[in-house]
Engineer: 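Below are the structure tokens for one structure; questions will follow.
Computation of the quantities below employed the complete heavy-atom set of this structure, encompassing side-chain atoms and omitting hydrogens, waters and symmetry-equivalent molecules.
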Amino acid sequence: MFASKLTLSISRSIKYNFSNIRQMSATMNTDCVKSLLYKEYGDPVEVLQITTQAIEQPADDQVSVKWLLSPVNPSDINTIQGKYPSRPSLPAVPGNEGVGEIVAVGSNVQNLHVGDKVVPNGPNFGIWRTQANYNFKDVMKLPNDVDLVVASMINVNPCSAYRMLKDFISLKSGDTVIQNGGNSAVGQQVIQLCKIWNYKSINIVRDRPNIKELKNQLTTLGATEVLTEEEVRNTQLFKSKKLPAPKLALNCIGGQSAHEVMRHLDHSGTMVTYGGMSREPLTVPIAALIFKNISVKGFWMTAWTKANMESQERMDMFQNLAGFFRDKKLQPPPYKLVPFSEYQEAITKALSFDGRTGIKYILDLTKS
């Protein structure tokens with residue numbers, strides 16, 4: 001009797017373990033994972049440290065994601081510094097944007113599978129690590145034919161450009177959009193989306209020694225006009241009727257730059273502010289409000305995502321963007337991959353970013 005019970009127990013154990021091994025085979029070789037961790041706010045170079053932790057197998061409603069690539073965005077730096085409105089609980093792992101691959105799934109997960117490429121489905125995700133487990137609802141599957149570099153950067157800048165062009169003014173073919181920060185990551189996406197949707201784009205950049213090269217680069221992307229901050233003060237593009245006055249202005253700088261952009265807005269036009277690189281306040285002339293009926297609004301991609309997490313509009317946006325990238329109608333900004341083990345290079349470059357280099361630094365999390 002005892003032998004019979006023992007045989008049955010062993011049989012059940014073998015069956016359970018075989019099923020478990022089959023489910024978790026993708027993570028059998030991953031006993032530990034590495035992450036960048038900070039326990040206090042401050043200078044990212046000083047407060048970030050590489051740590052190693054054991055990883056558990058995902059629970060029934062979880063997926064295990066091996067992170068592949070994650071760009072270093074200004075919001076990541078500001079979050080570590082404690083200057084960003086959205087703050088995770090400390091200690092925390094930074095990284096709000098990136099692409100990963102599912103390497104194991106829990107028994108209750110139906111719509112995600114090993115090998116699927118996913119992006120985070122919300123802010124403060126903590127991507128600067130090699131692998132972690134998440135509730136399956138916290139990640140979103142992307143088409144497998146989307147380039148990994150594109151996928152790693154699709155959540156923030158392309159979505160920001162898309163939403164600002166869609167949500168504030170009802171633009172039609174031939175309308176004009178004006179923006180400062182024309183060579184920024186968002187600015188380059190705005191240029192290309194304007195070309196796709198047949199809008200005219202006027203793009204303001206800071207003067208620099210290689211200004212002709214930059215103008216050619218942005219024109220190749222589809223910019224209608226590229227002007228320096230000095231040139232936009234004196235432009236006759238709109239008074240001469242060469243181009244219709246802009247109905248929409250996008251501002252990521254503030255200060256005098258925003259003021260010059262606002263001057264060219266059409267009657268009842270709208271300025272949308274999504275950044276403040278100059279750290280100078282946005283001053284709105286009274287005449288712009290009274291006599292031109294200008295509207296001044298703000299946009300934060302994080303807030304939009306939280307409010308539209310489950311919306312069809314969000315799904316449609318990602319499908320459209322993925323299609324544009326796949327068809328080469330959208331191109332990612334110039335970038336450099338930096339091994340995870342050399343993260344300090346990417347952090348240092350991001351801290352010294354002045355808007356002129358135009359290089360996006362991406363952590364390669366597979367090289368730890």
Side-chain angles (χ1 to χ4, degrees), residues 23-30 33-35 55 57-58 61-73 76 93-106 108-160 162 185 189 301 305 308-312 314-333 335-340 360-368:
Q23 182 73 17
M24 303 303 174
S25 60
T27 56
M28 285 299 291
N29 296 325
T30 308
V33 298
K34 292 182 178 179
S35 63
I55 185 171
Q57 295 173 349
D61 59 352
Q62 288 186 325
V63 293
S64 191
V65 178
K66 176 184 178 182
W67 291 111
L68 306 174
L69 301 174
S70 180
V72 180
N73 291 317
D76 297 316
V93 175
N96 290 308
E97 187 181 33
V99 62
E101 179 181 349
I102 293 179
V103 293
V105 297
N108 291 340
V109 179
Q110 302 296 324
N111 297 322
L112 295 170
H113 304 90
V114 171
D116 284 347
K117 301 302 187 297
V118 295
V119 296
N121 209 11
N124 295 327
F125 218 70
I127 295 175
W128 294 358
R129 62 177 104 207
T130 55
Q131 188 175 328
N133 299 333
Y134 305 93
N135 185 286
F136 72 94
K137 294 181 180 179
D138 292 336
V139 297
M140 183 171 61
K141 180 180 176 180
L142 287 180
N144 280 331
D145 58 357
V146 177
D147 178 81
L148 286 180
V149 170
V150 167
S152 75
M153 294 189 283
I154 201 170
N155 245 358
V156 177
N157 295 324
C159 291
S160 295
Y162 189 104
Q189 300 301 306
M301 191 66 223
T305 299
N308 294 272
M309 193 71 71
E310 305 280 338
S311 71
Q312 185 62 44
R314 185 166 181 254
M315 298 302 104
D316 291 344
M317 174 180 67
F318 274 104
Q319 288 181 357
N320 288 339
L321 288 172
F324 292 153
F325 278 113
R326 183 176 56 247
D327 297 340
K328 307 300 182 184
K329 294 180 179 179
L330 277 178
Q331 299 286 340
Y335 63 88
K336 179 181 179 181
L337 297 180
V338 179
F340 178 70
K360 174 71 73 173
Y361 288 86
I362 303 175
L363 290 175
D364 184 344
L365 303 172
T366 67
K367 297 180 179 179
S368 59

Engineer: Quick check: closest heavy atoms across Leu363 and Pro339, and the distance to 0.1 Å?
Structural biologist: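 Between these two residues, the closest heavy atoms are CD2-O, 4.5 Å.
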Engineer: Would you please test Gln57 and Ser64 for side chain to side chain donor-acceptor pair (under 3.5 Å) and show each step?
Structural biologist: CA-CA 8 Å; Gln57 295 173 349; Ser64 191; over 6 Å; no
Engineer: Does atom NZ of Lys117 have more than 12 heavy-atom neighbours from other groups under 6.0 Å away?
Structural biologist: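 Yes - once you tally the heavy atoms of other residues, nucleotides and ligands closer than 6.0 Å, there are more than 12.
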Engineer: For Lys137, does its backbone N or O pair with a side-chain atom of Asn121 as donor and acceptor, under 3.5 Å?
Structural biologist: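 Yes, the answer is positive, given that a donor and an acceptor are paired below the 3.5 Å cut-off.
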Engineer: Leu69 and side chain to side chain contact (heavy atoms under 4.5 Å, CB included): which single residue from Leu148, Thr366, Leu365 fits?
Structural biologist: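 Looking at Leu148, Thr366, Leu365, the match for Leu69 under the side chain to side chain contact (heavy atoms under 4.5 Å, CB included) is Leu148.
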Engineer: Grab the two heavy atoms, one from Phe325 and one from Gln189, that are nearest each other, plus how far apart they are.
Structural biologist: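 The answer is CZ-OE1, 3.6 Å.
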Engineer: Quick one: CG on Asp61 to CG on Asn135, what's the gap to the nearest 0.5 Å?
Structural biologist: 5.0 Å
Engineer: When Pro120 is tested against each of Asn96, Asn155, Thr305 for side chain to side chain contact (heavy atoms under 4.5 Å, CB included), which residue passes?
Structural biologist: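 Of all the options given, the one that passes is Asn155.
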Engineer: Ring-plane angle category for Phe125 and Tyr134, please: parallel below 30°, perpendicular beyond 60°, tilted otherwise.
Structural biologist: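 Aromatic pair Phe125/Tyr134 classed parallel.
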Engineer: Give, for atom CD of Gln319 and atom CZ of Arg326, the distance between the pair rounded to the nearest 0.5 Å.
Structural biologist: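 Those atoms lie 9.5 Å apart.
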Engineer: Surrounding CG of Asp145 (heavy atoms of other residues, nucleotides or ligands, distance under 6.0 Å), is the total greater than 12?
Structural biologist: yes
Engineer: Working to the nearest 0.5 Å, report the span between NZ of Lys329 and CG of Leu321.
Structural biologist: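 So the gap between those two atoms works out to 12.5 Å.
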Engineer: Atom NZ of Lys367 and atom CG of Leu337: how far apart are they, to the nearest 0.5 Å?
Structural biologist: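 If I round to the nearest 0.5 Å, the distance is 7.0 Å.
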Engineer: Quick one: pull up NZ in Lys141 and CZ in Phe136 and give me the separation to the nearest 0.5 Å.
Structural biologist: 14.0 Å
Engineer: Compare every heavy atom of Met315 with every heavy atom of Met309, then report the nearest pair and how far apart it is.
Structural biologist: O-CE, 4.2 Å
Engineer: Side chain of Asp147, backbone of Val150: donor and acceptor closer than 3.5 Å?
Structural biologist: yes
Engineer: Grab the two heavy atoms, one from Arg129 and one from Phe340, that are nearest each other, plus how far apart they are.
Structural biologist: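 Shortest heavy-atom contact: N-CE1, 4.4 Å.
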Engineer: If every non-hydrogen atom of Ile154 is compared with every non-hydrogen atom of Cys159, which pair is closest and at what distance?
Structural biologist: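 That would be O-SG, 3.1 Å.
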Engineer: Thr130 side chain to Lys34 main-chain N or O, any donor-acceptor pair under 3.5 Å?
Structural biologist: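 Here the side-chain-to-backbone pair exists.
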Engineer: What are the two closest non-hydrogen atoms of Ser70 and Trp128, and how far apart are they?
Structural biologist: OG-NE1, 2.9 Å
Engineer: Does the side chain of Met317 reach to within under 4.5 Å of the side chain of Asn308, using non-hydrogen atoms?
Structural biologist: no
Engineer: So, taking the atom named CZ in Phe324 and the one named OH in Tyr162, what distance separates them when rounded to the nearest 0.5 Å?
Structural biologist: 6.5 Å
Engineer: Mark yes or no for whether Asp76, through its side chain, and Asn73, through its backbone, hold a donor-acceptor pair below 3.5 Å.
Structural biologist: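 Present.
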